[in-house]
Number of protein chains: 2
Amino acid sequence: MAESLTVKRAANSLDADSDDLVWCSPVTTAPLAESEATELARILAALADPVRLRLLSIVASSPEVCSCELEGPLAKSQPTISHHTKVLADAGIITGEKRGKWTWWHANPDRIAAIRKALGG
Amino acid sequence: MAESLTVKRAANSLDADSDDLVWCSPVTTAPLAESEATELARILAALADPVRLRLLSIVASSPEVCSCELEGPLAKSQPTISHHTKVLADAGIITGEKRGKWTWWHANPDRIAAIRKALGG
DNA sequence: TGGTAGCATCGACACACGTCGATATGTTCA
DNA sequence: TGAACATATCGACGTGTGTCGATGCTACCA
């Protein structure tokens with residue numbers, strides 16, 4: 001196996017090659033189609049949790065963060081942390097890279113910028 | 001009673017007079033405090049629903065929208081529409097103005113901009 | 001005054017979600 | 001190989017949430 005392996009980003013229906021701002025028109029501009037709204041809601045729901053927001057803020061503040069460095073600051077059990085990283089990764093907001101025993105997480109600024117754009121940015 | 005009455009914006013703990021971007025540091029900059037994360041998650045949760053996103057997009061696309069104009073496009077019952085407008089209003093994202101029999105809704109661009117800012121904008 | 005219309009609230013239901021212990025998987029090292 | 005560790009997955013539990021019918025309340029109009 002390869003030395004470095006990117007964790008799969010799960011089956012979200014929007015993994016176009018160019019990752020940014022392709023979803024939908026800004027929410028402030030024109031009525032959203034039902035499919036656009038569902039997709040955007042899915043991404044926002046991934047963010048709408050205090051633990052995940054703090055997790056993201058920790059990951060985004062560092063170039064890379066190991067899972068084991070999250071359990072302490074977030075004061076949650078290991079399965080809970082794993083659950084939350086998965087939710088954020090499925091939404092494309094963070095990406096996990098498995099190196100040896102550890103999984104290293106980093107934020108996806110493009111995706112976050114796309115969310116801002118969808119919010120009228 | 002007065003001719004025009006602004007619907008109360010409910011008891012959200014963040015109704016500072018200046019309404020914009022006072023919550024928390026951008027999520028991409030530094031680890032969020034627990035209280036900041038909880039507050040931001042509450043606001044994002046108000047957005048993280050397809051019906052509410054479409055509702056907001058309709059309201060934000062017009063200067064003013066009446067509740068009765070939402071039932072049709074959103075294909076939901078009247079109590080459901082009322083529920084969703086309340087959630088968005090409690091989050092400060094839209095504001096309702098009651099004139100006569102009708103309640104007129106309009107978006108709060110400052111609040112939406114604050115959300116973008118909290119997301120690293 | 002009575003009737004109607006717009007909207008909010010209540011109660012109930014089904015479903016989704018956060019949480020964690022137990023367990024499984026996979027990697028490192030002796 | 002076997003032991004130890006990091007992480008993922010599973011199963012279960014309690015709680016939160018979207019939905020709607022029924023009901024209540026207020027404003028308008030004849």
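Each chain gets a letter, A, B and so on, in the order its sequence line appears, and its residues count up from 1. Below, all heavy atoms of this structure are taken into account, side chains as well, without hydrogens, waters or symmetry copies.
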> Counting only N and O atoms by type, is there a donor-acceptor contact under 3.5 Å from the side chain of A/R54 to the main-chain atoms of B/E36?
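Flag not set: sc A/R54 to bb B/E36 has no pair under 3.5 Å.
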
> Please check this pair: side chain of B/R52 against backbone of B/L88, looking for a donor-acceptor N/O pair closer than 3.5 Å.
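Between the backbone of B/L88 and the side chain of B/R52 there is no qualifying donor-acceptor contact (under 3.5 Å).
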
> Tell me if the side-chain of A/Q78 makes a donor-acceptor pair with the base of D/dA6, cut-off 3.5 Å, by modelled atom types.
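When only heavy-atom distances are counted, A/Q78 does not reach the base of D/dA6 through any donor-acceptor pair under 3.5 Å.
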
> Identify the pairs formed between an N or O of the protein and an N or O of nucleotides 14-18 of chain D at a distance under 3.5 Å, and give each distance.
unit_1 : atom_1 : unit_2 : atom_2 : d
D/dG18 : OP1    : B/R52  : NH1    : 3.2
D/dG18 : OP1    : B/R52  : NH2    : 2.6
D/dG18 : OP2    : B/H83  : NE2    : 3.2

> If hydrophobic clusters are built from ILVMFWY residues whose side chains come within less than 4.5 Å, do A/V59 and A/W104 share one?
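No, A/V59 and A/W104 fall in different hydrophobic clusters.
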
> When the distance from CG of A/L88 to C1' of D/dT7 is rounded to whole Å, what number comes out?
16 Å

> Of all the nucleotides listed (D/dA8, D/dA22, D/dT9), which has the minimum atom distance to the side chain of A/P79?
D/dT9

> For A/I112 and A/L56, run side-chain contact (heavy atoms from CB on, under 4.5 Å): C-alpha distance rounded to whole Å, both residues' side-chain angles, the deciding distance at 0.1 Å, then the answer.
CA-CA 11 Å; A/I112 300 172; A/L56 172 62; 4.2 Å; yes

> Taking DNA chain C as the partner, which of residues 57-75 of chain B come within under 4.0 angstrom of it by heavy atom?
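The stretch gives B/C66, B/S67, B/C68 as the residues lying under 4.0 Å from the strand, ordered by number.
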
> So, A/S82 side chain and A/Q78 main chain: donor-acceptor pair closer than 3.5 Å or not?
no

> A/L55 CG to C/dT19 P: how many Å, rounded?
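That distance rounds to 11 Å.
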
> Rounded to whole angstrom units, what separation is found between the CD atom of B/E97 and the C1' atom of C/dA8?
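Answer to the nearest Å: 18 Å.
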
> So do the side chains of A/H83 and A/K76 get within less than 4.5 Å of each other, counting heavy atoms only?
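They are not in side-chain contact.
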
> What is the distance from atom CH2 of B/W102 to atom CD of B/E69, rounded to the nearest 0.5 Å?
11.0 Å

> Has B/N108 got a side-chain atom pairing as donor or acceptor with B/R111's backbone, closer than 3.5 angstrom?
no

> Quick check on DNA chain C: between B/W102 and A/K101, whose nearest nucleotide comes earlier from the 5' end?
B/W102

> Can you tell me how far apart OG1 (A/T38) and CG (A/L32) are? Round to the nearest 0.5 Å.
9.5 Å

> May I have the distance from B/W104 (atom CH2) to D/dA27 (atom P), rounded to whole angstrom?
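Whole-Å distance recorded here is 17 Å.
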
> Could you state the CD1-P distance from A/I81 to C/dG21, rounded to the nearest angstrom?
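Result: 13 Å.
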
> Within this structure, what is the NZ-to-P distance between A/K98 and C/dT27, rounded to whole angstrom?
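Value for this atom pair: 6 Å.
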
